[in-house]
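Hydrogens, waters and symmetry mates play no part in the numbers below; they use all other heavy atoms, side chains included. So you know, we letter chains A, B, ... as the sequences are listed, proteins then strands, and number each from 1.
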Amino acid sequence: MRLSRYFMPTLREAPADAQIVSHQLMLRAGMIRQEGAGIYAWLPLGHRVLKKIEQVVREEMDRAGAIEVLMPTLQLADLWRESGRYDDYGDEMLRIKDRNDRDLLYGPTAEEVITDIFRAYIKSYKDLPKNFYNIQWKFRDERRPRFGVMRGREFLMKDAYSFDIDEAAARRSYNRMFLAYLNTYARLGLKAIPVKADPGPIGGDLSHEFIILADTGESEVFAHQDLVDMGAPGPDIDWDGDLEPMVAQRSQLYAASDEMHDAARFEAEVPPDKRMTARGIEVGHIFYFGEKYSKPMKALVTGPDGKDAPIHGGSYGVGVSRLVAGIIEASHDEAGIIWPDAAAPFGAAVVNLRPGAADVDAVAEQAYKALTDRGKEPLLDDRDDRPGAKFASLDLVGIPWQLIVGPKGVAGGMVEIKRRATGERQTLPLDAALKVITA
RNA sequence: CGGAGUGUGGCUCAGUCUGGUAGAGCACCGCGUUCGGGACGCGGGGGUCGCAGGUUCAAAUCCUGCCACUCCGACCA
């Protein structure tokens, strides 16, 4: 992409409405524009980041055996009357009427829709397990939207739903999601801690929230340091095998957010030098809910014994649009955003310091083409602007690499590369620079 | 939903108390000089002062009502 033809409206000052750093930086980087309380338009740069994150989430879901679908944003109230949630959900549900006076709603989640789909087609235990997910916009009419896309009313969520014959099988589905989530966050450059969550009326221990560490996070986390250091399991695991040991290893060490924290247990279970307290942001929530929807909605399958029984369900959510803000909270400095490579809107920026100078243009174009050919999705800064302005805005939007082409370097056959995250610079011939960036 | 606050060119803000017909910086347009960390000069364009009523010779400013947005608290990807 040539910046001179792109749309990247950066701001030198943050709008006064933005209170937290991710919101300020998203506005300054020209990623989003607010249309109303908790409602945002995604501008080109923000949209690219959102798509990148979405793709990482998608790949990890697919790897773990989930199947992608796309459910509607508008849902029929009758379905929610079946599950009993239409009246329970309250004012957070945006209720709509169509021209025939039929009650609709803008989906805040999709258990009812997916259960309706499931029950229409799947009748036998032989077709289980199944896990369907979609990445779709949700709307929850929050009492108090805030902090930009961190807590919007409209937000992009990946929601997955598992269907199993019994609780033991459901636990296996749960475990797959548990590990897939850790891999997802790790790929996005985040430290994520699974903490036990309030399982609600179903009980049991099958509910976890995933909290990423960021100094500016809203909630406080208490955890065993070994859990923090353990890292993600990685993609090369046997997804059909016994995942219980890996999950147990990560769910037995103490970890809790403020509302579930038990100071006495923390001190009893965790030695003093292993007690970690930090701030974090919730970016995922998984839980097992058994027959909560399958029973009232009659999502039954025939078991090996020939009898029909409600399936055991679980659901698994990732706040995709929230992750955009979460990553920024976890990764920024005074100059702006520092994207991890997997989420970066562009892999590298080729900075032409003197557009119009034929020799500089030639090298910049050559670098741009080479990076394009190698799949780095580069941004060519060919704006007619001063070097300082270019560096400042590219630092602000957080592109991981800058490949700087200026008259002095070109005269000596060299370019400069700069790594955004560390500020580290190297002066190299173009070929060597390209090798470093594409390594 | 309770409490607090803010609405003035795209952004940051001054002007409101004490009424006299709107201003600065950034951004934008033109010309010129600049050019390795958000340049400078000269010239220029852009604002129903959130909306609706009211008071007044006169309202951004005073009064009434409404709307929007932000923050703090109880709830959530």
Side-chain angles (χ1 to χ4, degrees), chain A residues 9-20 23-24 27-28 30 33-39 43 53 57 89-93 107-110 135-160 181 184-185 192 197-198 200 208-212 218-219 257 259 281-287 315-326 334-336 351-357 360 381 383-397 402 404-411 414-416 418 423 425 427:
Chain A
T10 57
L11 258 31
R12 294 183 64 162
E13 291 174 286
D17 281 350
Q19 297 296 315
I20 62 166
H23 191 195
Q24 292 170 347
L27 291 169
R28 287 191 55 209
R33 173 174 171 80
Q34 181 166 15
E35 294 295 337
I39 301 176
L43 304 182
I53 295 172
V57 171
Y89 216 90
D91 290 337
E92 276 199 12
M93 177 185 282
T109 176
I135 301 173
Q136 176 64 294
W137 292 93
K138 303 295 188 292
F139 195 94
R140 294 183 190 171
D141 202 354
E142 300 275 352
R143 289 196 188 95
R144 186 148 105 75
R146 66 189 121 160
F147 302 145
V149 299
M150 186 74 80
R151 176 84 181 261
R153 291 193 291 172
E154 187 180 43
F155 59 98
L156 188 62
M157 180 165 86
K158 185 287 297 177
D159 39 323
Y181 273 37
T184 301
Y185 300 125
D198 184 353
H208 285 87
E209 290 176 357
F210 291 79
I211 304 206
I212 57 169
E218 283 185 86
S219 47
S257 60
E259 66 264 27
I281 300 162
E282 185 192 337
V283 290
H285 195 164
I286 62 178
F287 46 94
S315 71
Y316 314 89
V318 171
V320 177
S321 48
R322 175 180 281 186
L323 268 172
V324 179
E334 323 73 52
V351 191
N352 184 339
L353 291 185
R354 193 69 63 85
V360 179
D381 189 347
R383 291 175 295 181
D384 181 20
D385 215 334
R386 295 168 62 86
K390 297 187 179 200
F391 293 135
S393 60
L394 292 170
D395 285 348
L396 171 64
V397 304
Q402 291 172 19
I404 302 156
V405 185
K408 291 175 195 162
V410 166
M414 306 290 264
V415 298
E416 187 182 4
K418 182 184 133 182
R425 298 156 182 276
T427 301

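Summary of the strand contacts: A/F210 and A/D395 both lie near RNA chain B, and taking for each the nucleotide with the nearest heavy atom, the more 5' one is attributed to A/D395.
Between the side chain of A/Q34 and the main chain of A/G36, a donor-acceptor pair closer than 3.5 Å is present. Judged purely by atom type and a 3.5 angstrom limit, A/Y185 has no side-chain atom pairing as donor or acceptor with the backbone of A/F210.
Across every strand in view, B/G41 sits in a pair with B/C31 that passes the Watson-Crick or G-U test at under 3.5 angstrom. The base-pairing partner of B/U70, taking Watson-Crick or G-U wobble contacts with both distances under 3.5 Å, is B/A4. With both pairing distances under 3.5 Å, B/U61 is matched to nothing as a Watson-Crick or G-U wobble pair. Across all strands shown, B/C17 remains unpaired; no Watson-Crick or G-U wobble contact has both distances below 3.5 Å. Across every strand in view, B/C26 sits in a pair with B/G10 that passes the Watson-Crick or G-U test at under 3.5 angstrom.
Residue-to-nucleotide contacts include a donor-acceptor pair under 3.5 Å from the side chain of A/R151 to the base of B/C75. Judged by distance alone with a 3.5 Å cut-off, no donor-acceptor contact links the side chain of A/R144 to the base of B/G3.
Counting any heavy atom pair closer than 4.0 Å across all strands shown, A/G356 reaches no nucleic acid atom.
Taking the P atoms as reference points, B/G25 lies 10 Å from B/G41, given to the whole Å. The separation of B/G53 from B/A59, taken at their P atoms, amounts to 13 Å, rounded to a whole angstrom.
A/F391 does not qualify as a stacking partner of the B/G38 base, lacking a centre-to-centre distance under 5.5 Å together with planes within 30°.
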Test log, rule side chain to side chain contact (heavy atoms under 4.5 Å, CB included), inputs A/Q402 and A/D395:
CA-CA 9 Å; A/Q402 291 172 19; A/D395 285 348; 2.7 Å; yes
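An OP1 or OP2 oxygen of B/U70 is reached within less than 4.0 angstrom by a side-chain nitrogen or oxygen of A/Q34. Look at A/R386 and you'll find a side-chain N or O under 4.0 angstrom from OP1 or OP2 of B/A39.
Looking at residues two or more places apart in sequence or on another chain, you find no side chain to side chain donor-acceptor pair (under 3.5 Å) involving A/S321. Evaluation of the ring-ring contact (aromatic ring centres under 6.0 Å, His included) rule for A/F391 yields no partner, not counting sequence neighbours.
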Heavy-atom protein contacts under 4.0 Å, nucleotides 5-13 of chain B, coded B base, S sugar-phosphate only, - none
------BSS
